[in-house]
Amino acid sequence: MSRDHLQSAERPATEATAPVPAEAPFLELLARGASADAYEQPVLLARAGGHPPERIAALEHAKLLALRVRSELEGRRRREAELSALFETAHDLAGLRDLDAVLQAIVQRARSLLGTDVAYLSLNDPERGDTYMRVTEGSVAARFQQLRLGMGEGLGGLVAQTARPYVTDDYFKDHRFQHTTSIDGGVRDEGLVAILGVPLMLGHHVIGVLYAADRRARVFEREQIALLGSFAALAAAAIDTANLLTETRSALAGLERANEIIQDRSGVIERASEVHDRLAELVLRGGGVHDVAAAVAEVLDGTVEFTEAAAAPPEALEASRAEGHAVRHADDWIAAVAAGGELLGALVLRGHPGLDPVDQRTLERAAMVTSLLLLARRSAAEAEQRVRGELLDDLLDARDRDPRLLRERASRLHADLDATHVVLAARLDGTAADAEQEAAARRRLWSAASHLAATRHGLAAARDGGTVLLLPLTPGDTATDLARRTARQLGTAVHEAVTVGASAPVEDLTDHPEAVTAAYAEGRRCLDALRLLGRSGDGAAAEDFGFLGLLLATDRDIAGFVDRTIGQVVSYDDRRGTDLLRTLDAYFASGMSPARTKDELHVHVNTVAQRLERIGRLLGDDWQNPARALEIQLALRLHRLAAPERH
């Protein structure tokens, strides 16, 4: 209504043909939904226009009635909106598909109808004995969204503990609640002041709390508390319905699984019979452990591997051996392959966490068959090892000197005695606790040496507390290379340090079997020298010991020693016509003094220095070290004896 219209309506009765009812301006305000402040305007205009007191009193009375009607209309509209929201929420609940979506809709509508800045819902955690944030609407603080409230802590913890609604118009000034650092910090981050919380009830049990909160001081009315309680009841019903649906789905899934198990049982039994037949066939036709693994993998529709005991997970392997059954390890299954308490390895079914009991028994049966095959293979290998050892024993003891018989025996073992060989003496360097452990360690060394000899087409035998090997020397290889490689391989196999001494290469073993005995003695001398020099776990031949090698070697290879020691200097003098060898001899004879050397040679001291520098480049930077110098002086003397000095 315009100001002019209101003024005309409030003119004195003497200026109008008929008096305007006092209710008229207020009815017009109600019709257009004016604000509460607008209802003061007709009274103010009447007073300003000088209307009689009776008229003003009538307007005051009409104003109060109009405001009461306005309040009733607003209440009805609000209740209509609330009922509509509750109906929509109930409709969502009736068609529940996603619990999170329903709970989110509940807090959104609660926030909208109560006109709060934030609404949120927490659920109780029976295992941890607290309540945690489940859904938030209007929240901006990450720490607040991750809050957990202990029972009795804060407003929400008190609601969850007492099953009663609580409200505060200023949380931080309210001492009814147990304030904690984490809760107060989260509320402060969110900037909340006024908070209302009502319990979510299932029967007599509290399952959570529904909240409405403002970032300013506010008094929540009784109707608002009741409305939030209605939303809390719907939320509890939604959670209960979701739980029932989950249980129903789980029960249906269980029934379906049971039906599948019943349907598959005949197939499982048929597969077990098939595995039994295939494993029996493998054993009869001499199959190996990998054939067994492949057959089981095909039946179980997975990857099955045989692994050595050291490569299998130790705890799972020990549990399988102790229980006599396959055990699960992460996503794999481990079945111990054992015989007489000895672990031989394991069958590992990979990437197959769900295993039917019948299939588990199939894997266990395959492990048993594998142990039988391994024992059979071990027996055959031990028999071959004994034959190899007997042939090498005969060579060492020179029992059989018939070359034809030696060749035939070696040929049956895939060994060629006409090739160049090296005799190696090997010994463990560890100290055993008792005689039984020492014997076991020697057996392991002999077994590893026999396996190495079989793969290298050689021979091996146990002798003198250690092991002796006769291995062919490949082209481009040296006795030293072979000794070091053998020490590493045997040490890795027995998990202990193994020292190996090697002989010089030997040939024509069938025609000269006694050469094996002499070569073995040389290899043992090298072995003893390595241990005396503190080189346990290493491998070496006589040529590696410098002049000491002359004493260790069976044949005194003087020319070879001289060539290895000063051969480059001799060759340089022969090619260039220089006197480096004579200078070297004079240098040592003069006590390694360049000044006395130049007097001995009758040359300038600079000439001596130049020659010594050239010698250093030929022999290496360490040629003047005491041990090396001793070898060079011995080589010089042997060279003079073999070829008199040229004048």
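Residue numbers count from 1 along this sequence. Because only heavy atoms are used, hydrogens play no part in the values below, and waters and symmetry mates are left out as well, while side chains stay in.
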Nearest 0.5 Å please: distance from the [atom1] atom of [X] over to the [atom2] atom of [Y].
X      : Y      : atom1 : atom2 : result
Leu445 : Arg442 : CG    : CZ    : 9.5 Å
Thr181 : Arg188 : OG1   : CZ    : 9.0 Å
Leu103 : Phe231 : CG    : CZ    : 13.0 Å
Ser112 : Glu137 : OG    : CD    : 9.5 Å
Gln145 : Met133 : CD    : CE    : 8.5 Å
Leu227 : Arg109 : CG    : CZ    : 12.5 Å

Stepwise side chain to side chain contact (heavy atoms under 4.5 Å, CB included) test for His451 and Thr455
CA-CA 6 Å; His451 178 72; Thr455 57; 3.9 Å; yes
Where is the tightest heavy-atom contact between [X] and [Y], given as atom of each residue plus distance?
X      : Y      : result
Ala541 : Thr480 : CB-OG1, 3.8 Å
Leu147 : Gly186 : CD1-CA, 4.2 Å
Ala460 : Trp446 : O-NE1, 4.5 Å
Ala346 : Ala312 : CB-CB, 4.1 Å
Val118 : Arg111 : N-NE, 4.2 Å
Ile334 : Pro313 : CD1-CD, 4.1 Å

Could you go through Val304 and Val348, starting from their C-alpha distance and side-chain angles, then the distance that decides it, and tell me whether this counts as side chain to side chain contact (heavy atoms under 4.5 Å, CB included)?
CA-CA 5 Å; Val304 179; Val348 181; over 6 Å; no
Contact check, side chains of [X] and [Y], non-hydrogen atoms, under 4.5 Å:
X      : Y      : answer
Val206 : Met201 : yes
Leu155 : Arg176 : no
Leu471 : Leu424 : yes
Leu349 : Leu347 : no
Val422 : Ser503 : yes
Leu123 : Tyr132 : yes
Leu228 : Leu210 : yes
Leu202 : Ile207 : yes

Please walk me through it: do Leu196 and Leu114 pass side chain to side chain contact (heavy atoms under 4.5 Å, CB included)?
CA-CA 10 Å; Leu196 165 62; Leu114 269 69; 4.2 Å; yes
Please check if the side chain of [X] supplies one atom and the backbone of [Y] the other of a donor-acceptor pair under 3.5 Å.
X      : Y      : answer
Glu190 : Val140 : yes
Ser447 : Arg443 : no
Thr180 : Ile183 : yes
Arg488 : Leu490 : no
Thr168 : Ile195 : no
Asp130 : Asn124 : no
Ser320 : His325 : yes
Glu153 : Gly150 : yes
Gln108 : Ala119 : no
His421 : Ala419 : yes

Please work out whether the ring planes of Tyr120 and Tyr211 are parallel, tilted or perpendicular, with thresholds of 30° and 60°.
parallel
Is there a salt bridge (charged side-chain N to carboxylate O under 4.0 Å, His left out) between Arg427 and Asp464? Walk through the geometry before answering.
CA-CA 9 Å; Arg427 187 174 298 173; Asp464 300 324; over 6 Å; no
Test side chain to side chain contact (heavy atoms under 4.5 Å, CB included) on Leu469 and Leu452 and set out the steps.
CA-CA 9 Å; Leu469 298 94; Leu452 179 62; 4.2 Å; yes
If we check side-chain contact (heavy atoms from CB on, under 4.5 Å) with Arg456, which of these qualifies: Thr486, Leu482, Leu470?
Leu482
Are there over 12 heavy-atom neighbours, none belonging to His179, within less than 6.0 Å of that residue's NE2?
yes
Which ring-ring contact (aromatic ring centres under 6.0 Å, His included) pairs, counting each pair once, include a residue from residues 476-502, with sequence neighbours left out?
none
